[in-house]
Amino acid sequence: MKKQVITSRIQIGAATILFLFIIICLAVFSLLSISNAHSSLTFSKQHSDFVTKYYKADAMAQQWIRDLNHFIKEGDSLSKAMTKAIHHSESPASIGIKFHNKTIQAIFSLENGQEIQITFRKSDQKIIDYTLHNSKQYDIDQSLPVFIGEPEE
């Protein structure tokens, strides 16, 4: 009988497969991390642009209110003081005025479809509302059929 010589080989198959799997997982996670960082950077830039535009419009509105109070103290009526304050502002084209029965509303437009609305009470010439509103109406897509629970016949 022949004796079989058993040689001991290092079995690296399982270790190699495990190592390759770990490397592939790390590569996928690094790509996901880079994608997430890029998305965060894009969002941060957009948010920064919005905040800059908002505070510019807010500063213009605050300056307009100071001018309005100055013209009212000089003895002008509220509507006349508003008109003077508009002409005195940096960009009068971006300011709108709406007259209502008991209130007057000043509107300062932002570039992204939003506006700062300031509402004054005519009787005591005080600010009663200072808010940010959407000026665009968004159309909701109603074209998809929605199941309402009744079976088709």
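Being a predicted model, the structure only gives us computed values, none of them experimental. Hydrogens, waters and symmetry mates play no part in the numbers below; they use all other heavy atoms, side chains included.
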- Taking Ser35 for its side chain and Leu31 for its backbone only, find out whether a donor-acceptor pair lies under 3.5 Å. no
- Task: Of all the heavy-atom pairs spanning Ser30 and Ala27, show the shortest one and how long it is.
- Result: OG-O, 2.7 Å
- Between His47 and Phe50, how do the two ring planes meet: parallel, tilted or perpendicular, split at 30° and 60°? tilted
- Between His38 and Phe43, is any pair of side-chain heavy atoms under 4.5 Å apart? no
- Query: Could you state the interatomic distance from CD1 (Ile24) to CG (Leu20), rounded to the nearest 0.5 Å?
  - Reply: 6.0 Å
- Give a yes or no on whether a salt bridge exists between Asp67 and Lys84, defined as a side-chain N under 4.0 angstrom from a carboxylate O. no
- Nearest heavy-atom neighbours spanning Ile107 and Glu115: CG2-OE1, 3.3 Å
- In terms of heavy-atom contacts, does NE2 of His133 have more than 12 from other residues, nucleotides or ligands at under 6.0 Å? yes
- Report whether Ile127 and Ile95 are members of the same hydrophobic cluster (ILVMFWY, side-chain heavy atoms less than 4.5 Å apart, transitive linking). yes
- Message: Counting only heavy atoms from other residues, nucleotides and ligands, does the tally under 6.0 Å from NZ of Lys122 exceed 12?
- Response: yes
- Message: Applying side-chain contact (heavy atoms from CB on, under 4.5 Å) to Ile86 and Trp64, what does each step give before you reach the verdict?
- Response: CA-CA 7 Å; Ile86 287 173; Trp64 183 80; 3.4 Å; yes
- Task: Any chance you could lay out the side chain to side chain donor-acceptor pair (under 3.5 Å) test for Asp49 and Tyr54, step after step, and finish with the verdict?
- Result: CA-CA 9 Å; Asp49 290 343; Tyr54 172 78; over 6 Å; no
- Query: Would you say the side-chain atoms of Ser33 pair up with the backbone N or O of Phe29, donor to acceptor, closer than 3.5 Å?
  - Reply: no
- Query: Should Thr103 and Ile128 be marked as a side-chain contact (heavy atoms from CB on, under 4.5 Å) after you check the CA-CA gap, both sets of side-chain angles, and the distance that decides it?
  - Reply: CA-CA 9 Å; Thr103 60; Ile128 57 173; 3.8 Å; yes
- Query: Got more than 12 heavy atoms from elsewhere within 6.0 Å of NZ, Lys53?
  - Reply: yes
- Message: Strictly distance-based, threshold 3.5 Å: is any side-chain N or O of Ser48 a donor or acceptor partner for the main-chain N or O of Ser44?
- Response: no
- Note on the structure: Smallest heavy-atom separation, Ala61 atom then Ile118 atom, equals CB-CD1, 3.8 Å
- Message: Please determine whether residues Leu18 and Ile23 belong to a single hydrophobic cluster, defined as Ile, Leu, Val, Met, Phe, Trp and Tyr linked transitively by side-chain heavy-atom distances below 4.5 Å.
- Response: no
